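Remarks on the structure that follows.
All figures in this text were calculated on a predicted structure; none of them were measured in a lab. Each chain gets a letter, A, B and so on, in the order its sequence line appears, and its residues count up from 1.
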There are 2 protein chains.
Amino acid sequence: MLLNEDMTRALARDGLTVPRTHLLWMLHQQGASTQRALADALKVTPRNITGLVDGLTEAGYLTREPHPTDRRATLATLTPAGASLMDGIARGREVLAARLFGDLPADELRSFLDRIDLVTARLRAALHEAGRP
Amino acid sequence: MLLNEDMTRALARDGLTVPRTHLLWMLHQQGASTQRALADALKVTPRNITGLVDGLTEAGYLTREPHPTDRRATLATLTPAGASLMDGIARGREVLAARLFGDLPADELRSFLDRIDLVTARLRAALHEAGRP
DNA sequence: TATTGTTATACTCTATAACTATA
DNA sequence: TATAGTTATAGAGTATAACAATA
């Protein structure tokens, strides 16, 4: 919650929002993608991707390129501005992680992360059960 | 993220959304409140509270009651339906917490929580610095 | 027939600004 | 003058449904 609020404020300075940045982040991770693939990745309808891509195109962070073999599809592609923005965010994450966890001995970090993994797995199991009662 | 998605889906079954439920939760914690107080608590404009309270009133989870001494103000007040819904959520939280952490020895739970508190404090400090560079 | 992306429409959350009724 | 809440207006994110172009 703490992080989310700060991120929202910081992104606003670049004319971005959380969903738009999430989309850029996917492109940064997976490379140029069809809007269909982005809809699946962001768990959102294709109609929604149209709007996000429109906004990001206007802001200069990506472009729509024709798909090389499927003329129905377009490839959302980061511009240099979009790519360098994502590089900056990736670097910021590393710096923050180092600051938050960097001084922990490796074995303590391990056991901390293991505990988190365990709790996460239990949460997943609980939600799964609740899903089919 | 895992939790948020599931909560959103579960709430939708009761005709609720995350912000509306957050408002009900505040009333459950603090008792009947003015819309001004809710705006401060949810860190949202008063105009916004008007909309959330409208929706929740229509859904039968709360009512607007006159403030006993200030005729400008209204007190958002949980209906029995709203109160019992919040009681159910409070119970659900406890059950989930017990399932996620209930088997941990007290001292291990303590050190786990201490570590989380430390990381949170560092995060807060980092954000604070970033705020005034 | 099925899939990709778009247009059309609608709802929720959010914000700012102007206004009314009270304090 | 200042405060509580509303109306007016606008923008972003989300969804469903209908449609065009292409597979």
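- In this entry the distance linking CG of B/Leu75 with C1' of D/dG5 reads 13 Å, nearest Å.
- Rounded to whole Å, atom P of C/dG5 lies 9 Å from atom NE2 of A/His67.
- Side chain of A/Arg20, nearest nucleotide from D/dT14, D/dA12, C/dT6: D/dA12.
- Among the nucleotides D/dA8, D/dT16, C/dG5, the one closest to the side chain of A/Arg47 is D/dT16.
- Between the CZ atom of A/Arg36 and the P atom of C/dA2 there is a distance of 15 Å, given to the nearest Å.
- At least one donor-acceptor pair closer than 3.5 Å links the side chain of A/Ser33 to the backbone N or O of A/Gly31.
- For B/Thr45 and C/dT14, the shortest distance from a side-chain N or O to OP1 or OP2 is not below 4.0 Å.
- Taking atom NZ of B/Lys43 as the reference point, atom C1' of C/dA15 lies 17 Å away to the nearest angstrom.
- The nucleotide whose nearest atom lies closest to any side-chain atom of A/Arg71 is, among D/dT22, D/dG5, C/dT14, D/dT22.
- Protein atom CD of B/Gln35 is 17 Å distant from nucleotide atom P of C/dA21, rounded to whole Å.
- At whole-Å resolution of the value, CG in A/Asp54 and C1' in C/dA8 are 15 Å apart.
- Comparing D/dT6, D/dG13, D/dA15 by their closest approach to the side chain of A/Leu52 singles out D/dG13.
- Atom CG in A/Asn4 sits about 14 Å away from atom P in D/dG13, given to the nearest Å.
- Judged by distance alone, the side chain of B/Thr77 and the main-chain N or O of B/Leu75 form a donor-acceptor pair under 3.5 Å.
- Distance from the side chain of A/Asp70 is smallest for D/dA23 among the nucleotides C/dC13, D/dA23, D/dA4.
- Spacing between atom CG of A/Asn48 and atom P of C/dT4 amounts to 17 Å, rounded to whole angstrom units.
- Comparing A/Arg72 and A/Thr50, the nucleotide of DNA chain C nearest to each residue sits closer to the 5' end for A/Arg72.
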